[in-house]
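The next block holds one structure in the form of structure tokens; read it before the comments.
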Amino acid sequence: MDPTTIATTTTAVLTTKRSNRSCRLVLLPYPLQGHINPMLQLANILYSKGFSITILHTHYNSPNPVNHPNFNFVPIPGVAEEKYPVSSIDNLISLMRYLNDKCMGAVEDCLERMALEDEGVACLVTDAQWFATQSIADRLKFPRIVNWTSNVSTFLTFAAVPLLRDMGYVRKFTDQEKRSDALVSGVELLKVRDLSSFLTSDPKGASELMELLVLGVKPAQAIIWNTVKELEELELPKLSHDFPSSHFLIGPLHKYFPPLSSSLLTQDQTCISWLDKQAPNSVLYVSFGSLAGVEESQFQEIAWGLANSKQPFLWVVRPGSIQGSEWLESLLDGYLEKIVEGKGYIVKWAPQQEVLAHFAIGGFLTHNGWNSTLESICEGVPMICSPRFGDQLTIARYVTDVWKIGVELKNGLERVEIEGAIKRLMADPEGLEIRARVNNLKEKVNNCLKKGGSSYSSLEDLVNYILSFKGGIK
Ligand code: UDP
């Protein structure tokens, strides 16, 4: 569907300027679900503003061009042809190293070729995880804008890694530290117990990459943020002080248009008909996103925590996300019968935006990936936070301690605590207060896209900023 048609049906009023179509932007998404979604959302927004869009992409986790007929797709030749197994955080670290090392020659060749074409290249927009592309942009004299797909506090926490190293925190943690509520001095909000997961099972590898990410963002001409000024008031003064580039906070990107078909897995629509039969605000939605996995024992704890809470639930269990299992085979006899009783519904992958917008959803047990968190806020769904690694720890802190729109599973995935958190959120008076706060935030965030709202204005500024590049190299 042409975004110019869609625009009239959304809260965001977008004006199409056909004259910009001669201005080509090359967008380079990072090939993981949580990065592809916001980049393609951004592509649609910029297309609706009249720009010509070329998506430069890996064969690995390639977006499907058929779903995006308005864009030109260019595969990076010879790169990550074989399926790269991303089943653990350590694989994520090696994927980032691989892409930023082995692919740079091919990326540069593609961009050089595009620069010689009639359209030229006005500007390169890359995901921040393509940190090595800045030197290519410099050599080819393209302006480079970074698309940071998480929030500002996450970025500032990544930027604090050298400080964490100086304080001796880049290491494995003792069991006592993993329970410590002490605040980490100099890093807003983070508790000592957050740090062990923030830096993952490979603290040295993770911290080095976080530093490279930040170093790759610093020299960019500008940063596009999939967030909203009103969510980031605490962090913005520090951001502009420490990183005086141009910042465009234009989120929530997914709210400009109806949900995009950028899912790498097939979304099981049957769960929507199941939700249609449930009472308003009664169902807990459970999903840990596209990457995070759980151990088999944790999976059992979630299963029994959900069952014991007696609350209806819709649970996404991604095949391969449980260590040592393909899918549900480790559930004990009798468990599935309990689900068949009508209390629960399990799918391999859900149409998450539609699910969160459904009247029946009353809470979200989440890993706090930024897309999931923002999608939840935009629909006024309170959260039970169980962050797994990296930025999820900072985001969960915001959800529970700053916005106060969720509760935390302090001791990890443990059935009694899960049952208790579900009751707190969905049955106790405390849950009503949390729901009121998230609904208040929902309204603020959605208002940002309306004429005169902060994201609306920031998008106008971004369009003018890109147009000032005047066509780039031809
Ligand atoms: N998602 C989905 N179906 C699911 C689970 C997730 O479409 O069953 C989408 C979700 O809407 C979000 C993205 O996948 O846009 C996950 O991104 P997020 O940043 O939350 O987490 P990540 O997968 O990067 O850890």
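Counting starts at 1 for both ligands and their atoms, following the listed order.
Legend: residues meeting side chain to side chain donor-acceptor pair (under 3.5 Å) with S287, ordered by chain and number and at least two apart, are absent.
Considering F155, F248, F243 in turn, F155 is the only one that fulfils the ring pair (Phe, Tyr, Trp, His ring centres under 6.0 Å) rule with W225. For the pairing with E177, the salt bridge (Lys or Arg N to Asp or Glu O under 4.0 Å) check across K172, R171, R193 returns one residue only, R171.
A distance-only check finds no donor-acceptor pair linking the side chain of Q392 to the backbone of S386 [under 3.5 Å].
Checked against a 6.0 Å centroid threshold, the rings of W315 and F299 count as neighbours.
Under a 4.0 Å N-O distance rule, the pair D401/R397 qualifies as a salt bridge.
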At less than 3.5 Å, what protein N or O atoms come close to the N or O atoms of ligand 1? Include the distances to 0.1 Å.
unit_1   : atom_1 : unit_2 : atom_2 : d
ligand 1 : 3 (N)  : A350   : O      : 2.6
ligand 1 : 7 (O)  : Q267   : NE2    : 3.1
ligand 1 : 7 (O)  : A350   : O      : 3.4
ligand 1 : 8 (O)  : A350   : N      : 2.8
ligand 1 : 11 (O) : Q352   : NE2    : 3.4
ligand 1 : 11 (O) : E375   : OE1    : 2.7
ligand 1 : 11 (O) : E375   : OE2    : 3.2
ligand 1 : 15 (O) : N37    : ND2    : 3.0
ligand 1 : 15 (O) : E375   : OE2    : 2.8
ligand 1 : 17 (O) : N371   : ND2    : 3.4
ligand 1 : 19 (O) : N371   : N      : 3.2
ligand 1 : 19 (O) : N371   : ND2    : 2.8
ligand 1 : 20 (O) : S372   : N      : 2.9
ligand 1 : 20 (O) : S372   : OG     : 2.5
ligand 1 : 21 (O) : H367   : NE2    : 3.0
ligand 1 : 23 (O) : S290   : N      : 2.7
ligand 1 : 23 (O) : S290   : OG     : 2.4
ligand 1 : 25 (O) : H367   : NE2    : 2.9

